[in-house]
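Labels below follow one simple rule: chain letters A, B, ... track the order of the sequence lines, proteins then strands, and each chain is numbered from 1.
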Amino acid sequence: MFPELNSILNSTPDSFKSSDFILVSDRRADASFLIHHHLSFYLRAGCKVCFLGLVQSFSHYSAVGQRLGVSLAQAREKGQLVFLEGLKNSIGVILQEDTSQETQPLSYLRTPGAGLEGLFRFVESSVRQSGDGDAGESWGPPVLLIDDLSVLLSLGVSVGAILDFTLYCKATVCSELQGNMVILVRCEEEDADDDEEGSNLLQRGLVHQCNLALHVEGLPTGYCRDIHGQMEVWWRQEGETICNRRKIFHFKVHDKGASFFARGTSSAVL
Amino acid sequence: MAAPVRGMIGSTSIGNTTSFQKKTRSKLVSIPGTRPSVQNGQLLVSSGVSSLDYVIGGGLAVGTLLLVEEDHYDSYSRMLLKYFLAEGVVCGHELFLASARDHPDDIMQELPSPIVDDVAGMKISEGQSQPSDPENPDTMKIAWRYQNQPKVQTALASSVRFGHYYDVSKTMEPELRQAAKCHSFYQLQETPVVTASSPLPSPYHSLLKSIQTVIRKEGFDGSTPQSKVRNVLRLGLHSLGSVLWGDDVCCKDNPAHCHALTTFLYILRGLLRTSLSVAMVTVPSHLTQNRAVMGRIIRLSDTAIALESFKGSEKETNPLYKDYHGLLHVRQLPRLNCLSCEVPDTKDLAFKLKRKQFTIEHCSFWPGYHSNLHSSKEKMYQRLPFKMSRCESQV
């Protein structure tokens, strides 16, 4: 959890907006540090978290989580965290042609054209389990975290199927269960030739659906060792206000967190 | 998993040549030819080129994938692959080589030979290594020209060093090469298997199956009992994405199998993360029409570099580049088990293949300014943490 980011977004683990769809995207940069922030944030807040880890192993998130002060292994044991190991389980699906029940969420690997229904059923069953009350521990509102959604494009799933999946998830998690969603999407260059099935199309579709968009890019002036990039925060306003709020910050990622500052106020410059 | 491997109890630290030891509660497995990373305790292996190890953050982390975008004539990328395999032979790692154009045995026969005075430091018995100490007055004086030769020319015992130097004008001795265990996969000799249910075309599917079989059989995924000594598997995959692999991503604008290579890399990533292996893949990226696909391929790998050679381009006669053979672009550096990644000093790097060294240097537009990134063999690596903390933002 990054304290500076909490003050920028005006949220703390004790009081945060519910039914929120947060989109984290990047273009030629790496925004995965924001996923680690949200993971530790919601675990600290006591929410039931469903994490689809499609590109890294559980030990990676666990090691970073330890530096940020949360123990993912403990959370998984207690039932607070449901983690889908995308990498490990996909080997079985493709190479052994495993068709058992456990690999149903990853059915898109076998038939990419068929869509993501299996994955949605997995998400639905994970977030609805909070009402069981069998162990006595009741968690807060459910949270769905996905890292990262654009890898599904590399595996052959169409943009339309992915947007359908996020709509279903939003309807279930945000509207019905008053929970939150945080999705990471990684994009290409803006002027890519084929915009038909690109990640740019996916990102535009998701920005249309989300409430809060965090976009990470490199600095427009070039590479710098001390400022790792810029982050654009965009809030969708409900109500009568016409204009949407948009702010740009520079950031630097450390070992145990990230610091955010207004443009031009990096400690290297001042 | 790419995390530091929880070690066997009582392992002696014969694999560590640096005196810096990161304080971790778990003992790292000591496999010859590996060392823990300074930044995050990852187990690193050398890529065979010491200056490349420096550029990518100390070495290749076990469990990760290095992507090399080939230069136009595939000369320097093939050289890097040979360095990678030669380093595996010298360190005693197991090798897996897959290629579609040249037979893997031909590639193995072209491996550069390690430079002799480095090899003399190798263990020549099963016991602890005894490096020759020329300053010790008690050692028997031998004529100076024979001082650096190994005393007994026996079968290869694993070298304890991290990173070696190679002489590209000579090929590796056959005895040295045959001492290493090498599995090969030659695409043109494989019988195509009809896999109707898999989204992967047959060559990639068979290659993945073959890799998985080797990992399981030799126990790199931890499935063998504790008594077997742990080792690292080095995978060298040459020219993936070219048409000889049955893939048309490099020859068509709208390929029929546009997701074949990316799906392959995704599954390979899964295999690497769950075993003690490291892979180097070369891709002829200059042939792909679609930049978006290259972007996805880079994001599916961990470390990605691109080689741009000057041969045949107008840069060959540019006086700025007269000392170099090409440019090296670092496309991506991995963030493994930590938030921050290795941030390089500069992104203007040029390489030159000399007979005994593949140098990578900062190539600046200022006349007369050349910094040798790799001045001395070991000292530089220990200097790394200090270099990173100093603020060098001023130009």
Side-chain angles (χ1 to χ4, degrees), chain A residues 28 30 32-33 36 54-64 67-68 85-91 94-97 109-112 148 150-151 153-157 186-189 192-194 197-200 222-228 252-258 266-269, chain B residues 1-4 39-41 63 195 197-200 205 208-209 211-212 253-254 257-274 289-297 299-300 331-333 335-341 343-348 388 391-394:
Chain A
R28 304 195 77 199
D30 193 355
S32 49
F33 67 99
H36 294 295
L54 301 175
V55 286
Q56 297 280 15
S57 58
F58 180 74
S59 52
H60 169 85
Y61 298 107
S62 179
V64 181
R67 286 170 199 241
L68 296 180
E85 279 255 34
L87 281 179
K88 213 164 63 167
N89 299 342
S90 50
I91 304 173
I94 293 259
L95 292 184
Q96 266 88 268
E97 270 120 62
L109 283 168
R110 272 192 296 275
T111 47
D148 75 75
S150 45
V151 78
L153 290 172
S154 305
L155 296 171
V157 186
R186 310 195 65 188
C187 303
E188 313 292 335
E189 292 282 353
D193 289 331
D194 64 332
E197 285 292 313
S199 43
N200 286 319
Y223 173 72
C224 172
R225 273 195 66 193
D226 299 293
I227 305 174
H228 293 165
K252 179 173 177 162
V253 180
H254 314 293
D255 212 25
K256 286 193 190 291
S266 159
S267 54
V269 170
Chain B
M1 51 173 183
Q39 192 192 18
N40 51 14
T195 48
S197 57
S198 168
L200 275 178
H205 191 98
L208 280 172
K209 268 269 189 225
I211 294 173
Q212 188 188 37
D253 211 1
N254 279 319
H257 299 128
C258 51
H259 305 294
L261 184 54
T262 44
T263 311
F264 172 87
L265 288 175
Y266 184 74
I267 306 291
L268 180 64
R269 190 185 172 108
L271 283 172
L272 292 173
R273 291 282 197 270
T274 49
Q289 317 274 10
N290 193 346
R291 290 312 298 171
V293 169
M294 260 336 285
R296 286 192 201 146
I297 289 173
R299 268 186 264 115
L300 281 168
R331 301 269 193 234
Q332 183 175 263
L333 289 172
R335 287 168 203 248
L336 298 163
N337 297 339
C338 63
L339 271 176
S340 55
C341 78
V343 178
D345 277 342
T346 170
K347 287 196 158 188
D348 306 314
M388 296 257 303
C391 175
E392 288 180 68
S393 60
Q394 267 42 264

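Taking chain A as the reference chain and counting heavy-atom pairs below 4.5 Å, the highest number among B:Leu271, B:Leu268, B:Ile297 is found for B:Leu271. When each of B:Val293, B:Leu208, B:Leu265 is checked for heavy-atom pairs under 4.5 Å with chain A, B:Leu208 comes out on top. Of all the listed residues (A:Asp148, A:Ile227, A:Leu68, A:Asp30), the one sharing the greatest number of non-hydrogen pairs under 4.5 Å with chain B is A:Asp30. For chain B, the option among A:Gly86, A:Ser154, A:Ala63, A:Ser90 with the highest count of heavy-atom pairs below 4.5 Å is A:Ser154. In terms of non-hydrogen atom pairs under 4.5 Å with chain B, the most contact-rich of A:Glu85, A:His60, A:Lys252, A:Arg28 is A:His60.
Of the two parts of B:Arg335, the backbone and the side chain both hold a non-hydrogen atom closer than 4.5 Å to a non-hydrogen atom of chain A. The part of A:Tyr223 that comes within reach of chain B is its side chain, from C-beta onward, which places non-hydrogen atoms under 4.5 angstrom from that chain.
Between the side chain of A:Arg186 and the backbone N or O of B:Arg299 there is no donor-acceptor pair closer than 3.5 Å. No donor-acceptor pair under 3.5 Å is formed between the side chain of A:Lys88 and the backbone N or O of B:Gly270. Side-chain atoms of B:His259 come within 3.5 Å of backbone N or O of A:Leu153 as a donor-acceptor pair.
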**OP:** Could you walk me through whether B:Leu300 and A:Val151 pass the side chain to side chain contact (heavy atoms under 4.5 Å, CB included) test, one step at a time?
**Re:** CA-CA 8 Å; B:Leu300 281 168; A:Val151 78; 3.8 Å; yes
**OP:** Dump the intermediate steps for side chain to side chain contact (heavy atoms under 4.5 Å, CB included) on B:Leu200 and A:Ile94, then the final yes or no.
**Re:** CA-CA 8 Å; B:Leu200 275 178; A:Ile94 293 259; 4.1 Å; yes
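A distance of 10.5 Å separates OG of B:Ser340 from NZ of A:Lys256, quoted to the nearest 0.5 Å. The CD atom of B:Gln212 sits 5.0 Å away from atom CG of A:Leu95, with the distance rounded to the nearest 0.5 Å. Remark: A:Leu87 CG to B:Thr274 OG1 distance equals 8.5 Å, nearest 0.5 Å. Here A:Ile91 contributes atom CD1 and B:Ile267 contributes atom CD1; the two are 7.0 Å apart, rounded to the nearest 0.5 Å.
Counting all heavy atoms, side chain and backbone alike, B:Cys338 lies closest to A:Asp255 at CB-OD1, 4.3 Å.
By the ring-ring contact (aromatic ring centres under 6.0 Å, His included) test, A:Tyr61 pairs with A:His36, A:Phe51, A:Phe83, sequence neighbours left out.
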